[in-house]
Structure formats: C-alpha cells, structure tokens
Student: 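Below you'll find the structure I mean.
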Amino acid sequence: MSKLVIVGTVAFDAIETPFGKTDEILGGAATYIGLSASNFHVDSAAVSVVGGDFPQEYLDLLKNRNVNIDGVEIVKDGKTFFWSGKYHNDMNSRDTLATELNVLEHFNPIVPEDYKDSEVVMLGNLHPLVQQGVLDQMTTKPKLAILDTMNFWMDIALDDLLSVIKNVDVITINDEEARQLTGEYSLVVAARKIHDMGPKYVVIKKGEHGALLFHNDNVFYAPALPLEEVFDPTGAGDTFAGGFAGYLAKTGDFSFENMKTAVIYGSTLASFCVEKFGTERMQNLTDKEIYKRLDQFKSLTQFDIELA
C-alpha cells in the first residue's frame, strides 16, 4: 500500500445555504481530503497550518481517522484560516462573504520525514508556490502527483500555476476553471490543451453533473448520483479528490482503467459529503454505507444493449 501526503488548508468555515446556516465549523481542503481518503485505510499525512484557536478535538478527529498530523503546524499566537460563504437557491453558485488568510498567509509547508518518500502526493487547493514547495521536499519522485486548483490562482499567480502543473501527473479542476485555464469552451479541447501543459490525466468536475476523466484520446464519464437533498456542497470537490487519491494510494495501480474506478469512488464519497453541513457526514461514514452507494452507482450506469 502506498503512502499518501495531503497538503491543503485546515480551516474554519461559516456556511449559509437555503437549508440553514452554521457558525464556525471544521473545514479546509486537507480536512475533507483526509477524511475521505481515510476510508481506504491508507497511511496518510496532512500538511497544513492552524492557529492557537484551533480545537484539539478537531486534530484528534483526524488522528482517530489515521491521518498523521505531524505536518500540521500550530501557530500558538495566530488565528486559523477562515472562510464564509452563502449559497444561492440553485446550490451551484455562491457568494464569498469573508476570507481571512490569518496563519495561512505565511505558511511554509514541512513534510514529515517519514512521508518524504510517499508514492502519492495530493496537492490540495493552495498557492502554486506552496504546492511546488511540497514536491521539492520529496526525497524520491512520487509515482503519482495530483493537483487541485481554482480560478483564483489563475487570476493572481498564473505563471506559478503553469510551472507546478508541468510537474504533476493528474490535475482536478471544475469545468469553469478548465475553460478559464485554456480559453476553450469545449471540455474535450480544453483537456487536450491541459495535457499539453504536462499532466497525463485530466479530471474535470461538473458538480451535480458528474466528472470527466481524460487520458490521451481516452475519455471516461462518471455521473453524479441523483440525491433527494443537497444540504451543503462545501468540500464536495475536495472529498472527491480524497476518494480519488485514497483509492489510488490503496491499490498502487495508476492505469487509466483503475483511474476510472477511482473517479467512481471519488464521486461516491462526494455524494455523502453534501448531505449535511461541513464535514459532519464524513466523520462517521461506514464501509457498509459506501459499498451500498457504490452498488447504486453501478445500477445507475450499467445497461445491456445489442448492437446490430
């Protein structure tokens, strides 16, 4: 089984959706990725930073899910990164109400020694220079480096982003970001252009419309599971990335065929994430629930057809 390094934010979120609102709750890309990947019982480590205001119980939650937190720096006199957002009625669009970088502003990631030889690295959504800084600390080249990013970094640090994209094997972004990064409306053409930037695999997330996986001329589409209720989409993309990376770290098989299964696992776990606010649903998820939902995915996508 491969070791997995996860870099990203561990944060406070305050969320408002048509179903209600929260005060400060646990959030952050590394949190969602770590909780999601923990379902595969892989040897993972989170690399992040929090302030002295961050509750020990949240760190214990990650530890109890077998996520090593030696790489989570605690700045005693600092405040933890905070994000607040309000979702519109369609649950696909949102307004950011507040972003307070706090300790994240001067974050210098330190990968624990025992994880510098990890086979899989999951670079969560952070400044591209921070992502590259993690890759630079690896003593052996990872067998699989996965990068997640967003339009914010395309706006303010495009050159740095293009530089780190050259050094990864997989990129996961949403459809809007793929179009912005390439200037192409067609996602097929956009994926081809992103391939040319360096990554062998391109995953384009389409929210409630599923995800696309591209590798050379091969394309795979995984639908999103139709859900009765979506309470809070926050962290769904990171949960997808955690399921994707966790499954690949567990199996150690980085072929296109196995990536397809990883996409299904990522979509399955993301479907749980949105059912409650924040990380609540992910904290006590069981293998039985996951397998039951995987079976639903199989029923959703499987059919017999006779071709004349």
Side-chain angles (χ1 to χ4, degrees), residues 5-17 19-38 44-87 94-112 115 122-131 133-134 137 148-150 152-153 156-157 231-239 241-242 273-274 276-285:
V5 166
I6 299 161
V7 60
T9 53
V10 173
F12 291 132
D13 289 343
I15 301 157
E16 184 174 349
T17 79
F19 296 99
K21 61 191 298 187
T22 71
D23 295 321
E24 284 188 354
I25 58 173
L26 176 61
T31 307
Y32 284 102
I33 293 168
L35 289 174
S36 184
S38 73
S44 64
V47 178
S48 192
V49 62
V50 296
D53 57 343
F54 197 73
Q56 183 63 40
E57 66 184 276
Y58 288 165
L59 294 172
D60 291 342
L61 169 66
L62 290 170
K63 274 174 69 174
N64 293 337
R65 293 299 293 259
N66 293 316
V67 179
N68 183 295
I69 58 169
D70 292 347
V72 179
E73 179 188 359
I74 301 173
V75 182
K76 294 288 187 187
D77 57 351
K79 291 181 67 178
T80 301
F81 174 70
F82 171 73
W83 176 84
S84 175
K86 180 178 181 179
Y87 287 87
R94 70 186 184 194
D95 297 321
T96 293
L97 305 179
T99 302
E100 298 171 12
L101 291 177
N102 298 329
V103 292
L104 195 65
E105 191 170 359
H106 303 292
F107 175 42
N108 180 31
I110 305 294
V111 178
Y115 291 87
M122 179 66 232
L123 301 170
N125 177 31
L126 279 173
H127 195 292
L129 291 179
V130 174
Q131 294 175 321
V134 169
Q137 291 178 56
D148 189 29
T149 192
M150 67 182 298
F152 179 72
W153 305 118
I156 71 160
F231 251 79
D232 174 20
T234 310
D238 295 317
T239 302
C273 176
V274 302
K276 292 189 177 179
F277 278 112
T279 62
E280 188 181 348
R281 187 69 176 91
M282 302 305 297
Q283 291 179 23
N284 301 300
L285 197 56

Student: Ignoring hydrogens and angles, tell me if any N or O in the side chain of Thr239 forms a donor-acceptor pair with the backbone of Cys273 under 3.5 Å.
Tutor: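 No: the side chain of Thr239 does not pair with the backbone of Cys273.
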Student: Any donor-acceptor pair under 3.5 Å linking the side chain of Glu100 with the backbone of Lys79?
Tutor: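 Looks like no, no N/O pair under 3.5 Å.
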Student: When you compare the side chains of Tyr32 and Thr234, does any donor N or O come within less than 3.5 Å of an acceptor on the partner?
Tutor: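 There is no such pair (donor and acceptor under 3.5 Å, judged by atom type) between the side chains of Tyr32 and Thr234.
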Student: Should Pro109 and Gln137 count as side-chain neighbours, where that means a heavy-atom distance under 4.5 Å?
Tutor: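 Yes, at least one pair of side-chain atoms sits under 4.5 Å.
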Student: With a 4.5 Å limit on heavy-atom distance, are the side chains of Asp232 and Phe19 in contact?
Tutor: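 A side-chain contact is absent here, since even the closest heavy-atom pair is not under 4.5 Å.
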Student: Does a sphere of radius 6.0 Å around CG in Asp95 hold more than 12 heavy atoms from other residues, nucleotides or ligands, not counting ones at 6.0 Å or beyond?
Tutor: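 Above 12, so yes.
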Student: Ser38 and Asn66: side-chain donor and acceptor closer than 3.5 Å?
Tutor: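 No, Asn66 and Ser38 have no side-chain donor paired with an acceptor closer than 3.5 Å.
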Student: Can you tell me if Arg65 uses its side chain to pair, donor with acceptor, with the backbone of Gln283 under 3.5 Å?
Tutor: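 Pair found, side chain donor or acceptor close to backbone of Gln283.
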Student: Any heavy-atom pair between the side chains of Asn125 and Trp153 that's under 4.5 Å?
Tutor: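 In contact.
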Student: Take the angle between the ring planes of Phe54 and Phe12 and call it parallel below 30°, perpendicular above 60°, tilted in between.
Tutor: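 Ring orientation of Phe54 relative to Phe12: tilted.
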Student: Decide yes or no on side-chain contact (heavy atoms from CB on, under 4.5 Å) for Val47 and Phe107, but give the supporting numbers first.
Tutor: CA-CA 10 Å; Val47 178; Phe107 175 42; 4.2 Å; yes
Student: Please check: side-chain N/O of Thr17 versus main-chain N/O of Phe231, any donor-acceptor pairing under 3.5 Å?
Tutor: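 Such a contact is found between Thr17 side chain and Phe231 backbone.
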Student: Backbone N or O of Val72 within a donor-acceptor pair of the Ser48 side chain at under 3.5 Å?
Tutor: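 Side chain of Ser48 to backbone of Val72: no pair is present.
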Student: Can a donor-acceptor pair be found, under 3.5 Å and without considering hydrogens, that links the side chain of Thr80 to the backbone of Gly51?
Tutor: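 At least one qualifying donor-acceptor pair exists.
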Student: When you measure from the side chain of Gln131 to the backbone N and O of Asp148, does any donor-acceptor pair fall under 3.5 Å?
Tutor: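 Yes; judged by distance alone, with no hydrogens or angles, the pair exists.
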Student: Considering only heavy atoms from C-beta outward, does the side chain of Val134 approach that of Leu126 to under 4.5 Å?
Tutor: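 Of all side-chain heavy-atom pairs linking Leu126 with Val134, none is under 4.5 Å.
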